[in-house]
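Notes follow once the structure below has been shown.
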Number of protein chains: 2
Amino acid sequence: MASKLFVSAQEVARRAGVSRSAVSRTFTPGASVSAETRQRVLKAAEELGYHVNHLARGLMRNESGIVCLIVSDVATPYRAAVLRELTLQLQNAGKVAMLINTDRSDGSVDRALHQAIRYRADASVILSGLPDKSIVQLCLRSGQRLVLINRDDDQPGPLRINVDDADAGSRVATAFARAGCRRLAFANSLAGTPSLVRREKGFVAAAAALGLQVVVERYGATGYEAGQVLAQRLLTRSERPDAVFCATDLMACGFMDAARRQFGLAVPSQLCVAGFDNIEQASWLSYELTTFAQPVDRIAKYAIDWLGTDDSGEDGPEPITLPAELIWRRSIRGG
Amino acid sequence: MASKLFVSAQEVARRAGVSRSAVSRTFTPGASVSAETRQRVLKAAEELGYHVNHLARGLMRNESGIVCLIVSDVATPYRAAVLRELTLQLQNAGKVAMLINTDRSDGSVDRALHQAIRYRADASVILSGLPDKSIVQLCLRSGQRLVLINRDDDQPGPLRINVDDADAGSRVATAFARAGCRRLAFANSLAGTPSLVRREKGFVAAAAALGLQVVVERYGATGYEAGQVLAQRLLTRSERPDAVFCATDLMACGFMDAARRQFGLAVPSQLCVAGFDNIEQASWLSYELTTFAQPVDRIAKYAIDWLGTDDSGEDGPEPITLPAELIWRRSIRGG
DNA sequence: GCGAGTTTTGCACGCGTTTGCAAGAAACTG
DNA sequence: CAGTTTCTTGCAAACGCGTGCAAAACTCGC
């Protein structure tokens, strides 16, 4: 490969006229080394361009400093936002993020976790899909921490962080009721992700409790196009809904665009719309979408704080449920 | 830390009743090992949940399989898209992506590259910012490949991949001319990134060659808000422009929204708009933005193919310039 | 059954670290 | 100044793996 190689601690030691251990100790916080040797080592390291080999260090310490982020559809606004938050906070915690992309195929998450094991990641954060139980066991047995975000698995061991989707769904229903809407609709995807299911259930249950009729339609993925198609389906019904809760902001944008362009409906006077995720586009003038913000910063903080703790050996940590924050904009009347 | 540890090749060897080397050879493609031992090793490995330690392997082979992606503003649609493409193709090539977030602060990219060196990354791909010359030298000396995407640095060594922004700018100008526009404008950010500068220059030069007047305004970052502000500034001029080329799609979206809402202008009949990047939102019904698609797939392919080659030792590879593809939608008249 | 040729296997070393241990130096105590 | 404590430092053993080398096992032709 490369003709020249990375410079090792050995060479630094030679140049500084000390032993290899002295070099190591210089770069190990809390190790005992005199001020003078430290200076000489640092000088030699600087001149040679030496940097501690974290591969070797990880080998020794059984702690690589690597955290795997396992996620599909990175390019999606919501996913990209949580990715950003996680990598940022990981860096501040002195860790480094390894990004693994998954797809919808079977075993995709499992393969990602195998990769995490190969690189001896200290932990893996799973944002998409659900790993096989056996792999989870293998990770835990190997001493690798696992964080499931909005995955809603029930086996103990991993840290599970969820957003209170049901509550959010219920709050939307009451908001629609206050706006005087009578015929509610829920526009969902066919993905069947637990969080999407909870949103739907919470919404439907609250609507029923309020004595409002509610219809559910499901189609495709969680993107813009699905929102358009669902608008076609819902807005052509004999009893046209006057309020729709879309499972994601992307779907809401597609829904609104179709509602305006193809059905000539005005939002919110003729149709109230709500979304979920508070992606950047929700605040754009063309949408001004009322939606829920997931507390991505707190989610990331909980996850990363837990990685620093030593509470292993138990049945795993308690699951955490965080509330979504309602972001009120102009796509619902009143407010 | 963890009570139990990762399982090593030693344990697999014991269980399979072979030597540790046999285990190693089983997992090394092209090594000589009999079919029978191979099977026994694979069986034992499966039962124990063994996975080769890539940290140790990287130590031996001087090849970690890690590629660092150095980028700021991951949550931005364009950045997220190229990130997605890079991680996907890296995985297909058997590499793994390490994601490092930078900010605007001084030395942010340099710190990221230091991190890449610590983890003995085989290569680093820089998507934002510009590293210091000395760090670049250190990377190259250490045998680490460097890819600069749209960074436009002039020192040899790294692979430089650029999009032909000037050409794109010039094509927009002629498109505006064909649409009968007379008073052109360029809405740029203050970032001053080389690619943004080239877009502006190409556009202005072509407009001048066509005998059209053109005005340039610059403000803020490359996001939606900057587009809004620039609309305020440009559309309140005594001689209002009838066509505007925005440096990015995000700015174009902000510009269009402001033009419609606050100035009541219709696109494209009263105002033609073009953008750059072809983010997903550009295709949304609210925008239908004519824009340029960067060939992210080809960019990623060039970068990753080069990582597989052995052409070190020279003055570095030839810089690559790729054309941007014009995506024609309805924000410009005619077509 | 024997020798030549081929494949497989085990041993031992090296990769760049960290770290326990013991020896040496320095500082402090009485 | 001897005795004791505190720091500092080098040695050597790990960590989990790849691989050159030589011994061992196997294959084949006769």
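Just the heavy atoms: all of them, side chains too, but no hydrogens, waters or symmetry mates, feed the values below. All values reported here derive from a predicted model rather than from experimental measurement. To find a chain, count down the sequence lines: A is the first, B the second, and so on, and within it residues start at 1.
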(request) Report yes if some heavy atom in the side chain of V41(B) is under 4.5 Å from a heavy atom in the side chain of V18(B); otherwise report no. (result) yes
(request) Report yes if a donor N or O on one partner sits less than 3.5 Å from an acceptor N or O on the other, where the partners are the side chain of S21(A) and the base of dC11(D); otherwise report no. (result) yes
(message) I'd like the 5' and 3' limits of the part of DNA chain C contacted by chain A, with heavy-atom contacts below 4.0 Å.
(response) dG16(C) to dG20(C)
(message) Need to verify one output field. Residue with the more 5' nearest nucleotide on DNA chain C, R20(B) or F27(A)?
(response) R20(B)
(request) Before accepting this row, confirm whether a basic side-chain N of the pair E11(B)/R15(B) lies closer than 4.0 Å to the acidic partner's carboxylate O. (result) no
(message) Please determine whether the number of non-hydrogen atoms from other residues, nucleotides or ligands lying under 6.0 Å from atom CG of D106(A) exceeds 12.
(response) no
(request) For Q144(B) and D122(B), test the side chains for any donor-to-acceptor distance below 3.5 angstrom and give the result as yes or no. (result) no
(request) Specify the separation, in whole Å, of atom CG of L59(A) and atom C1' of dA14(D). (result) 10 Å
(request) Would you check if there is a donor-acceptor pair between the side chains of N101(A) and T87(B) at a distance under 3.5 Å? (result) yes
(request) Apply side chain to side chain donor-acceptor pair (under 3.5 Å) to Q89(B) and D297(B), showing your working. (result) CA-CA 9 Å; Q89(B) 292 201 27; D297(B) 47 348; over 6 Å; no
(request) Could you tell me whether D110(A) and K133(A) have a side-chain N and a carboxylate O separated by less than 4.0 Å? (result) no
(message) Looking only at the side chains, is there a donor atom on one of S8(B) and R14(B) sitting less than 3.5 Å from an acceptor on the other?
(response) no
(message) At less than 4.0 Å, is any side-chain N or O atom of R57(B) found next to OP1 or OP2 of dC17(D)? Yes or no.
(response) no
(message) Does anything in residues 28-41 of chain B come within less than 4.0 Å of DNA chain D? Heavy atoms only, and list the residues if so.
(response) T28(B)
(message) Can you confirm whether the side chains of D103(A) and S108(A) place a donor and an acceptor under 3.5 Å from each other?
(response) yes
(message) Could you work out, with ring-ring contact (aromatic ring centres under 6.0 Å, His included) as the rule, every residue matching F27(A), not counting sequence neighbours?
(response) Y50(A)
(request) For R120(B), answer base if it contacts any base atom (sugar-phosphate contacts may also be present), sugar-phosphate if it contacts only those atoms, and nothing otherwise; contact means non-hydrogen atoms under 4.0 Å. (result) sugar-phosphate
(request) Give me the bend of the helix from dG1(C)-dC30(D) to dG30(C)-dC1(D), using the axes of the five pairs at each end, rounded to 10°. (result) 30°
(request) Classify the side-chain pair S24(B)/S21(B) by whether it contains a donor and acceptor separated by less than 3.5 Å. (result) no
(message) Taking ring pair (Phe, Tyr, Trp, His ring centres under 6.0 Å) as the cut-off, I'd like each qualifying pair that reaches into residues 128-161 of chain A, sequence neighbours left out, listed once.
(response) none
(message) Nearest whole Å is fine: how far is dG18(D) C1' from L55(A) CG?
(response) 14 Å
(message) Less than 4.0 angstrom from a charged side-chain N to a carboxylate O is my criterion; do D152(B) and R160(B) meet it?
(response) no
(request) Indicate yes or no: does D305(B) engage R298(B) in a salt bridge with an N to O separation below 4.0 Å. (result) no
(message) What is the separation between atom CG on N62(A) and atom P on dA14(D), rounded to the nearest whole Å?
(response) 15 Å
(request) Measure the distance from CZ on R14(B) to P on dG16(D) and round it to the nearest whole Å. (result) 11 Å
(request) Select from Q10(A) and R25(A) the residue whose nearest nucleotide in DNA chain C is closer to the 5' end of that strand. (result) Q10(A)
(request) Give, ordered by number, those residues of residues 42-52 of chain A having at least one heavy-atom distance below 4.0 Å to an atom of DNA chain D; if nothing qualifies, reply none. (result) none
(message) Under 4.0 Å, counting only non-hydrogen atoms across every strand here, what does S8(B) touch: a base, just sugar-phosphate, or nothing?
(response) sugar-phosphate
(message) Expressed as a whole number of angstroms, how long is the span from N53(A):CG to dC17(D):C1'?
(response) 14 Å
